[in-house]
Amino acid sequence: MGEPIYIDRSHKGDGPIGIIFAGAARVIDTGLSVLSERKGGLVSEVSRLCGMTFFLDGQIPEVPLYAVPYLEVFASDGTGGWFAATSEGGDGPLYHIDRNRSVCLVSGCYRKFYNEMLSDPDWRQKRLPGGPWPRLPEDLEGRKKLAAELGAPVSPSGEAAAPGPLPQVFVSREAAEREFPILDIWTVLRQKREPRFQVHPMMSPADRAGKALVHYTAWQETYTGLLDPRILAWNTPERCREMAERYPENTLVLLDRAQNDRVAGFSCYLPRARELVSAPDASEVAALYLLQAYQGQGLGRLLLEQTLARLPGPRTALFVLEGNRRAVGFYERMGFRLTGHALHEAVNGGEMTELEMVREKG
């Protein structure tokens, strides 16, 4: 088994990504999340009789912890500590984290532990450090009823696998990184450094910030003298940032690996073109911008080719600003042709006209 690769799973909003390694690398997820349950009498009875207070929907607390490997916290112990698992609701090991972030193994098998906490009012005193723990209510009838409602006793299926080393819990990711080389998912996916310029789906916060900067800067570089100044002023840095955050899907970024993954350009595409496109059954390149410093190196072609490869339609449409002869020439060299269809739009007190161009696949 090769060197482990530690990946942060706690980032929100980028969605799950599968990773396949050709070598013997071992992926270790890091981070922490909090699970919640729907409010109900069953949850209240588990809390009363078993000493585990589950989190309810809409009442999820802030848990200032970061775990290696990744943990899911699902209940509190009522004294500032937490219960957590690594198996995402499966039958793996369960852990207790006390208020000082010390971790102990509660059980190597969730179903075995399930039976124990239902049947033994003194299970915390036996299993958890930091006591003395108050004895839970005997309430044999209540426990019997709860067990029936939960489908217990549950028979463990065979012997539980050895849980391995205890997870380590830190106050933050920054603290964990002092001991572990933790990477973000997009960093792992882009570990190959060559070639220098690479096109990737927009994924990270840095991608979105870079896309917004290119959007604003390229407008200034390209459209000054072509657009009414009122329209040019309308495309503010704030608007560009808002669009990058609001519409992250179907966006490619061109990265300069030699400049710390600087975003040099981007494209946005629509598998199915907007209704204002005159060509039938078309896909659409909604935007394509490249910083002036990177032009003349074939990078616009690279970005457009990678964009076209993702479009399913038999033809692709785009709109180019009237008077932008350099852009029209570029798209003509890439196989696009003017259709004669144009869009006229009033923006921020000014008027602009965009010309439709269409390219047949193949």
Side-chain angles (χ1 to χ4, degrees), residues 15 197-203 207-208 210-212 214-216 218-219 221-223 226-228 231-232 234-235 239-240 242-255 263-291 294-295 297-348 350-362:
F197 297 102
Q198 298 181 23
V199 177
H200 292 277
M202 186 170 72
M203 291 185 283
D207 288 348
R208 294 190 285 274
K211 184 257 186 184
V214 170
H215 190 181
Y216 174 75
W219 261 61
E221 293 176 340
T222 305
Y223 298 140
L226 292 177
L227 272 178
D228 186 308
I231 301 177
L232 202 61
W234 166 75
N235 192 55
R239 176 180 179 271
C240 295
E242 181 183 354
M243 291 185 68
E245 294 294 336
R246 182 179 293 183
Y247 307 109
E249 63 280 351
N250 297 339
T251 301
L252 300 178
V253 287
L254 173 70
L255 302 178
V263 178
F266 75 90
S267 68
C268 300
Y269 59 91
L270 301 170
R272 184 176 180 180
R274 295 171 293 173
E275 292 183 357
L276 49 81
V277 168
S278 67
D281 302 320
S283 300
E284 184 178 356
V285 179
L288 191 148
Y289 291 102
L290 185 68
L291 290 175
Y294 289 92
Q295 294 176 10
Q297 305 177 52
L299 299 177
R301 173 182 289 271
L302 171 66
L303 183 56
L304 182 57
E305 287 176 344
Q306 297 255 358
T307 305
L308 293 173
R310 287 167 165 79
L311 297 178
R315 57 193 58 85
T316 300
L318 55 81
F319 290 91
V320 62
L321 183 68
E322 185 178 43
N324 191 354
R325 288 176 292 185
R326 182 175 182 179
V328 170
F330 166 72
Y331 289 121
E332 285 180 335
R333 291 192 296 275
M334 294 298 294
F336 286 83
R337 296 293 179 263
L338 290 164
T339 66
H341 178 55
L343 296 180
H344 307 282
E345 188 176 5
V347 178
N348 201 38
E351 293 185 355
M352 60 188 292
T353 298
E354 294 180 291
L355 309 178
E356 182 185 67
M357 302 185 76
V358 171
R359 175 185 186 272
E360 298 289 336
K361 183 171 285 188

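Excluded from the calculations below are hydrogen atoms, water molecules and symmetry mates; all remaining heavy atoms, backbone and side chain alike, are included.
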- [ ] Kindly say whether Ala282 contributes a backbone atom to a donor-acceptor pair with the side chain of Arg272 at under 3.5 angstrom?
- [x] no
- [ ] With the side chain counted from C-beta on, respond yes when Pro201 and Arg310 share a heavy-atom pair under 4.5 Å apart, and no when they do not.
- [x] yes
- [ ] Report yes if the side chains of Gln295 and Arg326 come closer than 4.5 Å at any heavy-atom pair, otherwise no.
- [x] yes
Open item on the list: Please give me the minimum heavy-atom distance between Leu226 and Gly323, naming the atom from each residue.
Closed with: CD2-O, 3.8 Å
Open item on the list: Would you say that Met334 contacts Arg301 through its side chain, given a criterion of any heavy-atom pair below 4.5 Å between the two side chains?
Closed with: yes
Task: Whether over 12 other heavy atoms sit under 6.0 Å from Glu351 CD - done: no
- [ ] Look up atom CG in Leu255 and atom CE in Met202, then write down how far apart they are to the nearest 0.5 Å.
- [x] 11.5 Å
TODO: Identify the heavy atoms of Ser283 and Pro271 that sit nearest to each other, and give their distance.
DONE: OG-O, 2.6 Å
Task: Among Glu360, Glu284, Glu356, the one residue meeting salt bridge (charged side-chain N to carboxylate O under 4.0 Å, His left out) with Arg315 - done: Glu360
- [ ] Could you pull out the closest heavy-atom pair between Met352 and Ile231, with the gap in Å?
- [x] CB-CD1, 4.0 Å
Task: Spacing of Leu321 atom CG and Trp219 atom CH2 [to the nearest 0.5 Å] - done: 8.0 Å
Open item on the list: I'd like to know whether CZ of Arg239 has more than 12 heavy-atom contacts from other residues, nucleotides or ligands below 6.0 angstrom.
Closed with: yes
Open item on the list: To the nearest 0.5 Å, what is the distance between OG1 on Thr353 and CZ on Phe319?
Closed with: 12.0 Å
Open item on the list: So which atom in His200 and which in Gln198 form the shortest heavy-atom distance, rounded to 0.1 Å?
Closed with: NE2-OE1, 3.1 Å
Task: Test applied, side-chain contact (heavy atoms from CB on, under 4.5 Å); reference residue, Tyr269; option that passes from Thr251, Thr316, Leu252 - done: Leu252
Open item on the list: Give me the atom names and distance for the closest heavy-atom approach of Phe197 to Leu302.
Closed with: O-CD2, 4.2 Å
TODO: Please name the pair of heavy atoms, one in Leu290 and one in Gly300, separated by the smallest distance, quoted to 0.1 Å.
DONE: CD2-N, 3.7 Å
TODO: Flag the pair Cys268 / Lys211 as yes when at least one side-chain heavy-atom distance between them is below 4.5 Å, and no otherwise.
DONE: yes
Open item on the list: Would you call the rings of Tyr289 and His215 parallel, tilted or perpendicular, taking 30° and 60° as the class edges?
Closed with: parallel
TODO: Take Leu308 and Arg359 through the side-chain contact (heavy atoms from CB on, under 4.5 Å) test and state the conclusion after the steps.
DONE: CA-CA 10 Å; Leu308 293 173; Arg359 175 185 186 272; 3.9 Å; yes
- [ ] Evaluate side-chain contact (heavy atoms from CB on, under 4.5 Å) for Leu355 paired with Tyr331, printing each intermediate quantity in order.
- [x] CA-CA 12 Å; Leu355 309 178; Tyr331 289 121; over 6 Å; no
Open item on the list: For a 4.5 angstrom cut-off between non-hydrogen side-chain atoms, does Val285 reach Leu311?
Closed with: yes
Open item on the list: Quick check for you: to the nearest 0.5 Å, what is the distance between Thr222 atom OG1 and Asn324 atom CG?
Closed with: 6.5 Å
TODO: Compare all side-chain heavy atoms of Tyr294 with those of Val214 and state whether any distance is below 4.5 angstrom.
DONE: no
Open item on the list: Nearest 0.5 Å, please: how far is CG in Leu304 from CZ in Phe336?
Closed with: 5.5 Å
Open item on the list: For the CD atom of Glu332 and the CZ atom of Arg325, what is their distance to the nearest 0.5 Å?
Closed with: 12.5 Å
